[in-house]
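Only one structure is covered here, and it is reproduced in the block below.
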Amino acid sequence: MKTSSKKLSDTRVEITVTLDAKDLKAAQEKAVAKLAKEVKVQGFRTGKVPADVAQKFIPENDLNAETIDIAVRTTVIEAFRQAEKSPLVLPNVNVTKYVPGEMAEYTATADIVPEVKLGDYKKLGVKRQEVKISAKEVDGVLENIANSFAEKKVAKKAAALGDEVIIDFVGKKDGKAFDGGSAKDYRLGLGSGSFIPGFEEGIVGHAAGDKFDLPLTFPKDYGVKDLAGAKTVFEVLLKQVNEVVKPEIDDKLAEKCGLKDLKALKEDIKKNLGAQTEHEADNKFKNDLVEALIKKSKIPVPEILIDDQMRAIKDDVTRNAQSQGMDFEQYLERAGETLEDWEKEARKVAEKRVQGSLALQTLAMKEKITVSDDLVVAKIAELMDVYKKSPEAIKSLKDPNVKMDIKNRLIVEETLNYLAKINKV
């Protein structure tokens, strides 16, 4: 077998393979053995006909077709290996010449794992944000804890900031109700900032039983394009006012949380906030490092990998939309986006994901970063425990391909840890 390769782009290659008589003889022997199982010859049971006898009864066209098919299948991957190229999918094969018993030639075209040229990954110039927990943050958590122990009492008075109200409302634009702008028996804490500016303030001063309109303008940067900057009217029925009575923030509140006093509660809050913020800072630092590595490196991106990522992104959006009772098209409509606009933005995200993945894979190979089989087994055991009530998940975790995927993910984690370690200032 002889091969030659032609670079079609940074991510695609065409390999020409020439097979000689020896290569074709080996393929033909396999073809005869396979076709002989279906040949019927008087005096022999089907499937038991000797190959040399069966060959005389196999139609020439069938034998030639099977021979060249086997010849291609058994040589195409080796051809890419010889060319030192790794196809991302099964190559597209085109037989250009075939002389039975003498020679054959075919071309195999495929997207390949591209050559990544990493920049200086040891000096990415990224700083990890310093973690400091302020007294204000601790006080905010204390306030939330006090709110969680608050008692609500029906009040016969006008609503005020800090109260909870139960309302029905319908939001209308140009006289027509818009999606997501209506609810019944909705519980709203006045002053929570849950609604657009003016809504909660507009309820203040009204009492149970009041019906009133709130003319409001949506913020210009509102997430739903159709409503951004729009003038609307909310028809509101105030059904109940609940006065919220919060406990004092003192030692008794700490005891309700299982701690001895307020000082211990504050220390516990600060510790938990610190751990959470450290985790967030680590993740941001690693994401920033990957961003910087991408900018410093040359990373060609195969279209097939971008397409895969775009499908994954769309699947995620669709699942989130379904959890809110919408399909993908309804999500686009509510967001005020066209499919073309969405795909344009999704492609940017997909391309960056692929570049990051290729950069980390290349770095892992360059620095010989790997993980032990014991670590992979331990991770699978951990996942099996998490999904022990899902037979389908347990079954999938036993799939060798899933095991390999888990190993690759663990290697990426180790590579990120390595990148963070060598770039800490």
Side-chain angles (χ1 to χ4, degrees), residues 5 7 9-13 77 80-89 110-131 278-313 316 346-380 382-383 400-425:
S5 61
K7 181 180 177 181
S9 71
D10 287 337
T11 62
R12 193 167 177 80
V13 69
I77 298 303
F80 274 84
R81 190 192 68 78
Q82 287 185 14
E84 298 183 341
K85 305 295 181 184
S86 300
L88 292 167
V89 291
D111 288 311
I112 57 170
V113 177
E115 180 183 356
V116 175
K117 295 181 180 179
L118 293 178
D120 186 355
Y121 51 86
K122 295 183 179 180
K123 296 180 180 179
L124 292 173
V126 175
K127 289 185 179 181
R128 183 183 183 278
Q129 68 183 38
E130 188 177 350
V131 173
E278 288 284 355
H279 179 69
E280 291 170 354
D282 275 339
N283 286 340
K284 185 178 186 307
F285 182 49
K286 289 173 181 177
N287 287 336
D288 290 345
L289 286 170
V290 174
E291 289 260 1
L293 180 58
I294 290 171
K295 289 179 181 177
K296 280 195 170 189
S297 306
K298 183 181 178 182
I299 311 172
V301 184
E303 281 297 318
I304 189 171
L305 295 185
I306 293 179
D307 290 342
D308 285 345
Q309 276 300 318
M310 286 188 68
R311 277 193 291 271
I313 293 169
D316 287 341
R347 182 180 175 83
K348 292 178 183 178
V349 175
E351 186 171 353
K352 190 159 288 187
R353 283 187 186 179
V354 173
Q355 285 181 314
S357 177
L358 290 172
L360 292 173
Q361 289 175 32
T362 303
L363 179 57
M365 289 188 286
K366 184 177 178 65
E367 294 293 340
K368 297 181 174 57
I369 299 171
T370 187
V371 294
S372 67
D373 289 338
D374 289 343
L375 187 60
V376 177
V377 170
K379 185 64 177 180
I380 291 175
E382 178 187 326
L383 292 171
N401 291 326
V402 174
K403 181 179 179 180
M404 181 58 67
D405 183 56
I406 290 171
K407 182 173 184 176
N408 289 336
R409 292 186 185 191
L410 290 173
I411 290 173
V412 167
E413 287 180 17
E414 287 299 312
T415 307
L416 281 169
N417 291 336
Y418 168 78
L419 199 59
K421 183 179 179 180
I422 62 176
N423 279 278
K424 278 188 177 177
V425 178

State, yes or no, whether a side-chain contact exists between Thr11 and Pro300 at a heavy-atom distance under 4.5 Å.
yes
Once rounded to the nearest 0.5 Å, what's the spacing between atom CD1 of Ile422 and atom OH of Tyr121?
6.5 Å
Given side chains that start at C-beta, do those of Thr370 and Lys407 come closer than 4.5 Å, heavy atoms only?
yes
With side chains defined as the heavy atoms from C-beta onward, is the minimum distance between Ile406 and Leu383 less than 4.5 Å?
yes
To the nearest 0.5 Å, how far apart are CG in Leu305 and CG in Leu88?
5.0 Å
Start with the C-alpha gap between Lys403 and Val376, add the side-chain angles, then the distance that decides, and say whether side-chain contact (heavy atoms from CB on, under 4.5 Å) holds.
CA-CA 8 Å; Lys403 181 179 179 180; Val376 177; 4.0 Å; yes
Val402 side chain near Ile380 side chain, heavy-atom distance below 4.5 Å:
no
Which heavy-atom pair separates Pro114 from Pro302 by the least distance, and what is that distance?
CD-CG, 3.8 Å
Give the C-alpha distance, both sets of side-chain angles, the deciding distance and a yes or no for side-chain contact (heavy atoms from CB on, under 4.5 Å) between Glu303 and Ile306.
CA-CA 5 Å; Glu303 281 297 318; Ile306 293 179; 4.1 Å; yes
Arg128 side, atom CZ; Leu289 side, atom CG - distance, nearest 0.5 Å:
11.0 Å
List for me each residue that meets side chain to side chain donor-acceptor pair (under 3.5 Å) alongside Lys284, sequence neighbours excluded, and say none if there are none.
Asp288
Would you say that Glu291 contacts Asn287 through its side chain, given a criterion of any heavy-atom pair below 4.5 Å between the two side chains?
no
So which atom in Val131 and which in Ala281 form the shortest heavy-atom distance, rounded to 0.1 Å?
CG2-CB, 3.9 Å
Out of Glu351, Lys352, Arg347, Arg353, which one pairs with Gln309 under the side-chain hydrogen bond (donor to acceptor under 3.5 Å, both in side chains) rule?
Arg353
Looking at every heavy atom in both Ser5 and Val13, which two are closest together, and how far apart are they?
CB-CG2, 4.1 Å
Using the side-chain contact (heavy atoms from CB on, under 4.5 Å) rule, take Gln361 and Ile411 through it: C-alpha gap first, then chi angles, then the decisive distance, then the call.
CA-CA 8 Å; Gln361 289 175 32; Ile411 290 173; over 6 Å; no
Nearest heavy atoms of Ile112 and Arg12, plus distance in Å
CG1-N, 4.1 Å
Could you walk me through whether Ile299 and Thr362 pass the side-chain contact (heavy atoms from CB on, under 4.5 Å) check?
CA-CA 10 Å; Ile299 311 172; Thr362 303; over 6 Å; no
So that I can tick it off, tell me whether Arg409 and Asp405 are bridged by a salt bridge, with the cut-off set at under 4.0 angstrom between side-chain N and carboxylate O.
yes
Residues 412-425 vs side-chain hydrogen bond (donor to acceptor under 3.5 Å, both in side chains), sequence neighbours excluded, gives Lys286-Asn417, Glu367-Tyr418
From Phe285 atom CZ to Leu419 atom CG, the distance as rounded to the nearest 0.5 Å
7.5 Å
Residue pairs passing the salt bridge (Lys or Arg N to Asp or Glu O under 4.0 Å) test where at least one lies in residues 112-123, sequence neighbours excluded
none
Closest non-hydrogen atom pair, Ser297 against Leu118
OG-CA, 3.4 Å
Measuring from atom CG of Leu410 to atom OG of Ser372, what distance do you get when rounded to the nearest 0.5 angstrom?
9.0 Å
